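In what follows, a structure is listed as structure tokens, so that the remarks can point back to it.
Lettering follows sequence order; numbering is per chain, from 1. What you are looking at is a predicted structure, and each value in this text was computed from that prediction instead of being measured. Hydrogens, waters and symmetry mates play no part in the numbers below; they use all other heavy atoms, side chains included.
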Amino acid sequence: MTDNKRISNQNTRKVKYLGSHWTWGGKIWVMLLAIIPLVISFLLFWIYPIAATFVFSFSDWQAFSNTRQFLGVNNYIQAFNDPIFIRSLTNTFSFVALYLPLIIIGGLGLALLVDAAGRLKELFRMIYFIPVVTSVIATAFVWRYLYQPRIGIINILLQALHLPPQRWLLDPSQALFSVVLYTAWQSVGLNMVWFLAGLTTIDQTYYDAAKVDGANSWQTFRHITLPLLMPTFAFVTVIGAINAFQVFGPIYIMTSTGISSGDSPPGGPSNSTMVVVLYQWLTAFRELNLGYGAAMGIILLVIILALTLIQMRLFRTRWE
Amino acid sequence: MRKDINFRRTITRRDFLKVASIAAGGTLLSACGSKTTPAEPVVPNTPIAAEPNQAGALSYKGTLDVWDWEFPVREELVKEYIAQWEGKQPDIKINYVALPWADIETKLLAVATAKNGPPISDVFYFWRYDLQRANVIVPFPDDFADWDDRLSTPFMKDENGKIRGFPSGWYTDMVYYNKDIFEQEGLKAEDIPTNWDDFIKLSQQLTQTDQNGNITRAGCAMNDYWQHEYLWQGLIYQQGGWMYNEDATAALWNEEPSVRALQFIQDWYLKHKIDSRDLPEGYGGFCNDMAVMFLGAGWNTGFFMNDFPQMEDRWDTVKIPTFSGKATPSYGIASPEENYQAFNYFPDETVEASFAFIKHLMVGEDRANRWATAQSCAPDSKKVGADPKIMSIPGIKSQAETMPFRVCFGERPIEAEKLWRTMFDQVILEGKTPAAALGEATQAINQVLPTKKRYITERNYQPPAE
């Protein structure tokens with residue numbers, strides 16, 4: 001018997017085995033009963049909102065108005081002629097480009113350090129994970145004061161090191177990076193955990209073999225650790241990019257002006273931190289222009305979907 | 001076996017996708033087909049608000065839900081008045097709910113426009129116009145109050161002359177000053193000039209810098225988005241200008257009064273250097289002795305007294321200066337602290353009871369006085385505003401004495417907010433010329449302003465004789 005035939009026979013047996021159990025009169029109803037609530041909730045809370053958003057994006061729907069008119073693709077045309085939306089798109093891509101290397105390199109670096117920390121491993125892992133489980137509102141607010149040009153501790157430290165103080169969130173050329181730095185600090189602990197998990201999946205025998213072959217630490221890292229962490233890189237990159245494309249909270253908190261009036265318009269200075277989700281929120285929920293806001297959401301959805309597919313394809317090629 | 005084959009065919013991935021697509025398509029179609037219900041013509045009720053102390057005058061019996069947002073001093077006052085009400089109207093209970101500030105706007109607008117909200121709610125002036133456009137709030141009855149005594153009356157009228165708002169008070173901008181530093185500098189409140197030119201000179205004298213020229217103590221701080229917005233608008237009115245054309249279809253921000261007002265704000269930071277954006281925002285600098293004076297609206301009082309209790313007895317206020325040094329054409333803008341509204345999707349007797357309760361909360365000299373004192377704002381009453389008791393309260397007197405010379409522009413087009421924010425950043429942080437920044441903002445707002453009816457009331461302002 002050839003190998004192909006043997007495999008074919010095995011498959012046939014599997015099908016028969018499944019077939020004998022999964023009959024219409026048997027356990028199928030249990031299965032259907034089990035999945036129907038999930039399917040309904042999926043349709044209701046995932047598919048319907050996306051479909052509704054898609055439909056609304058072709059209308060002039062103003063929130064709390066009883067009427068809406070079909071506009072065709074006007075909202076999409078308006079978006080690509082809206083300088084603030086274009087700025088928000090550019091800022092979003094800049095945010096992703098600055099954020100991803102920080103969380104990937106930072107996460108991997110921390111994971112390697114923590115992994116080598118011996119008995120203190122769990123302590124360090126906990127310390128670096130604390131920002132992940134702390135409220136974004138609280139930590140972003142604290143960072144806003146760390147960045148304060150006159151009384152913020154970051155500038156005080158810079159001056160102590162004889163370095164020039166910066167304006168951070170008040171400088172249009174630094175504000176986005178300042179928010180990226182905070183966001184990376186806030187999320188790098190989670191990436192560290194993913195990389196730590198990835199490191200534990202690498203079989204020790206590879207390292208033992210490398211040692212026997214006389215490989216040094218860099219060669220071991222370059223030729224064993226990095227290639228075998230490729231699935232983790234893929235995961236961290238895709239999830240990190242999706243999160244970065246949807247960044248909202250840190251920018252809202254850190255760029256809303258006023259001590260008492262934290263709800264003054266965020267995204268400044270001069271729209272330098274205006275990202276797509278923030279602009280979408282401003283348009284849809286502050287200006288109540290839901291139709292236009294929905295169009296922005298769909299544009300972002302398409303961008304994230306396309307880039308995620310590209311990333312997955314690239315990484316699949318690498319690790320296969 | 002046959003069943004097996006059928007089953008396997010039924011659950012192939014392709015078939016599953018087919019079913020899923022049909023379901024999604026159906027959902028999509030149902031969304032497409034959802035009715036765009038035209039606004040139902042709702043005839044506003046104009047019930048006669050009964051005197052709350054006339055037991056039995058109201059036909060409604062039951063519980064009235066009243067929504068508000070969290071603000072401890074107001075909640076305390078309302079609860080006190082509810083206790084009085086329930087003593088006089090035992091058949092009408094009040095269910096008072098204070099929602100978080102972050103939630104109430106969306107919740108209220110959503111439920112009210114679905115005609116499923118409470119019969120009464122406190123409504124902030126930013127959102128009142130959306131409720132008015134959605135035709136869900138009832139105009140105030142003609143006999144509800146002494147409209148001639150109300151400072152808000154000209155600014156609260158709709159296109160039919162009906163009163164649509166009953167503010168619990170007014171916030172205006174004024175000059176807060178640090179009494180301790182003034183004493184150290186040998187200054188008194190009377191030394192604060194009433195015109196901008198001299199005010200800037202005094203602020204320059206009080207400003208301190210370090211060896212690098214950085215401001216360490218501002219002569220007069222504002223450094224807050226809201227104050228930039230208030231001052232810019234106020235300065236337009238101080239020059240006798242307007243922000244919008246007569247039918248509110250176009251902004252006049254690129255005209256001379258507006259450009260001059262923005263130039264004034266840019267000079268404040270960049271030319272006169274009496275304030276710095278690098279200092280702590282808003283009253284943060286003032287309360288940390290990093291500013292001698294602070295330009296702010298009255299609502300700051302409550303916040304900084306809460307955040308910086310050490311400021312107790314260390315501050316007082318004077319009226320905001322004007323270009324002319326006089327009250328006319330205007331001291332600038334005033335923003336109403338909005339009020340309780342009754343909703344029209346209830347039976348007439350519910351609306352009647354709602355207005356009776358709102359009247360119980362708001363109407364009368366005692367009420368105007370209490371609301372103003374609790375919220376640190378000017379009362380919405382000519383009589384009460386001139387009361388020596390009110391005029392002796394720091395933070396309220398400077399607002400109250402300028403109130404007759406204040407303009408309320410009515411609706412604040414929310415689409416303008418991001419444009420103003422950008423405009424202030426551009427001129428203060430990047431040194432862009434005010435004319436250029438205003439040119440861009442005007443062009444942008446004029447594209448959206450005519451897209452819906454706006455309730456701009458600035459031109460109802462009539463300054464009294466000085």
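Distance check, rounded to the nearest 0.5 Å: OG1 of Thr106(B) to CG of Leu288(A) gives 8.0 Å. Annotation: the span from Ile428(B) atom CD1 to Leu170(A) atom CG amounts to 10.5 Å, rounded to 0.5 Å.
Using a 4.5 Å cut-off between heavy atoms, Ile84(A) touches chain B through its side chain atoms alone. Neither the backbone nor the side chain of Phe70(A) comes within contact range of chain B; no heavy atom of the residue lies under 4.5 Å from a heavy atom of that chain. When heavy atoms are compared at a cutoff of 4.5 Å, Pro269(A) approaches chain B by way of both its backbone and its side chain. In this structure, the portion of Ser276(B) lying under 4.5 Å from any heavy atom of chain A is its side chain and not its backbone. When heavy atoms are compared at a cutoff of 4.5 Å, Met423(B) does not approach chain A at all.
Within a 6.0 Å radius of CD1 in Ile137(A), no more than 12 heavy atoms belonging to other residues, nucleotides or ligands are found. No more than 12 heavy atoms of other residues, nucleotides or ligands shown are found within 6.0 angstrom of CD on Gln443(B). Counting heavy-atom neighbours within 6.0 Å of Ile153(A) CD1, excluding the residue itself, gives a total of 12 or less.
Considering only heavy-atom pairs separated by less than 4.5 Å from chain A, the leading option among Arg133(B), Glu430(B), Gln426(B) is Glu430(B). For the set Pro149(A), Pro172(A), Gly152(A), the entry with the most heavy-atom pairs within less than 4.5 Å of chain B is Pro149(A). Contact count versus chain A (heavy atoms, under 4.5 Å) is highest, among Asn223(B), Thr422(B), Asp278(B), for Asp278(B).
The only member of Arg412(B), Lys418(B), Lys452(B) that meets salt bridge (charged side-chain N to carboxylate O under 4.0 Å, His left out) when paired with Glu287(A) is Lys418(B).
Under a 3.5 Å cut-off, the side chain of Arg421(B) and the backbone N or O of Pro265(A) do form a donor-acceptor pair.
No side-chain heavy atom of Asn289(A) sits less than 4.5 Å from a side-chain heavy atom of Glu415(B). At a threshold of 4.5 Å between non-hydrogen side-chain atoms, the residues Arg150(A) and Asn214(B) count as touching. Taking 4.5 Å as the limit, every side-chain heavy atom of Leu279(B) sits out of range of all side-chain heavy atoms of Gln148(A).
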For this session: Check step by step if salt bridge (charged side-chain N to carboxylate O under 4.0 Å, His left out) holds for Arg286(A) and Glu105(B).
Result: CA-CA 10 Å; Arg286(A) 198 157 169 114; Glu105(B) 179 185 3; over 6 Å; no
